[in-house]
Amino acid sequence: MLQLDHVEVCYGAFKALKDVSMTVGQGELVVLLGANGAGKTTLFNAISGLIKPSAGDITVEGQSLTGAKPSAVVSAGVVQCPEGRKLFPQMSVMQNLLLGAYVHRRDKAGIQQKLREVLELFPILEDKKDQPAGSLSGGQQQMVAIGRALMGRPRLLLLDEPSLGLAPLVVKQVFETISRINRQGTSVLLAEQNAFAALKIAHRAYVIEGGRLVMEGDQAAMLGNEDVRKAYIGA
Ligand code: ATP
C-alpha cells in the first residue's frame with residue numbers, strides 16, 4: 001500500500017527525518033511510536049505532501065508520490081487526520097465533514113453515500129450536524145476530524161495522535177473506532193503516545209527516535225519487548 005525508501009526531510013540545516021524506510025501493507029494497521037519531537041508529524045506531513053522530502057521515495061500502490069501536491073496525495077487515496085484535529089470551529093459539523101470531500105466535489109451521489117457511512121459510524125454527529133464544530137466536546141470533535149478524513153475516501157488513513165487530550169473512556173472509544181475502520185478495509189498508519197492502547201489494535205509497529213526508525217516488530221513482539229515497555233508503556 002505505502003512504501004517509504006530512504007526518506008530524508010530537512011528544516012533548513014536540521015535533519016528531522018533520516019533514512020526512513022517503512023511499509024504499510026494492504027489492510028494493515030501500523031503504529032508509529034515515538035516521544036515528542038521524534039519526527040512523527042514530519043513523517044506524516046512528508047507522506048501527505050505538506051513537506052517535500054530532500055531525499056528518498058514515497059510510493060502508494062506502486063505510484064510515486066514523492067513531492068506530490070497534497071490534493072494529488074488525497075486523490076491517490078491517502079488522507080491525513082492531523083494532530084490537534086484542526087477543525088474550523090465556527091463552521092458547522094456538516095460543513096467540516098463536507099470539506100473532507102472537496103477532491104470528490106463533482107461526485108454528489110458518492111459524497112452522500114460516504115456521509116451516510118460516517119454518520120452511521122458516529123451517530124451523535126447526526127444530532128450535532130448544524131452546531132458549530134467548536135461547541136462540541138473534545139471526543140466529539142475528534143469524531144468530526146476522523147469523519148472529515150473518511151469523507152476523502154482514504155484507502156490509507158494517517159492518524160496523528162487521535163487520542164491526545166481526551167478522557168480515558170473517550171480514548172477507548174476512539175481506539176475501538178479506529179480498529180473498526182481498519183477491519184472494514186482501510187489501511188491505517190497511527191502515530192500515538194498512548195502506546196499500549198495503540199499496540200493492542202495494531203498488526204505491526206515502528207519506533208522513531210531522533211528522526212530515525214530504530215525498531216520494528218509485530219504486535220506481540222512489540223508488546224513483549226522490554227525496551228518498548230520501559231520507554232513507551234511503563235510498568
Ligand atoms: P510531537 O508529538 O511533539 O508533535 P513529533 O514526533 O510529531 O512530535 P515533529 O513535530 O515531527 O515530531 O518534529 C520533529 C523535529 O523537527 C523536532 O525536533 C521539531 O522541533 C522539529 N521541527 C518540526 N517542525 C519544524 C519546523 N517547521 N521548523 C524547524 N524544525 C521543526
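The basis for the numbers below is simple: all heavy atoms, side chains too, and nothing from hydrogens, waters or symmetry mates. Counting convention: from 1, in listed order, for ligands and their atoms alike.
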* Asked: Do R155 and E61 meet the salt-bridge criterion of a basic N to acidic O distance under 4.0 Å?
  -> yes
All N/O donor-acceptor pairs, side-chain side in residues 71-82, below 3.5 Å, sequence neighbours left out:
residue	atom	partner	partner atom	Å
S75	OG	S71	O	3.0
Q80	NE2	N45	OD1	3.3
Q80	NE2	S48	OG	2.7

* So which protein residues pack against ligand 1 under 4.0 Å, heavy atoms counted? -> Y11, F14, A16, A35, N36, G37, A38, G39, K40, T41, T42, E83, E161, Q193
* Which distance, rounded to the nearest 0.5 Å, do you find between the CE of M94 and the CD of Q131? -> 12.5 Å
Indicate every side-chain donor-acceptor pair of residues 205-212 with a distance under 3.5 Å to a residue at least two apart or in another chain.
residue	atom	partner	partner atom	Å
Y206	OH	T23	N	3.1
Y206	OH	T23	O	3.4
Y206	OH	R204	NH1	3.1

Expected list for residues 117-128: side-chain donor-acceptor pairs under 3.5 angstrom, two or more places apart:
residue	atom	partner	partner atom	Å
E117	OE1	K114	NZ	2.9
E117	OE2	Q113	NE2	3.0

* To do: Mark yes when over 12 heavy atoms from residues, nucleotides or ligands other than K200 sit less than 6.0 Å from its NZ; otherwise mark no.
  => no
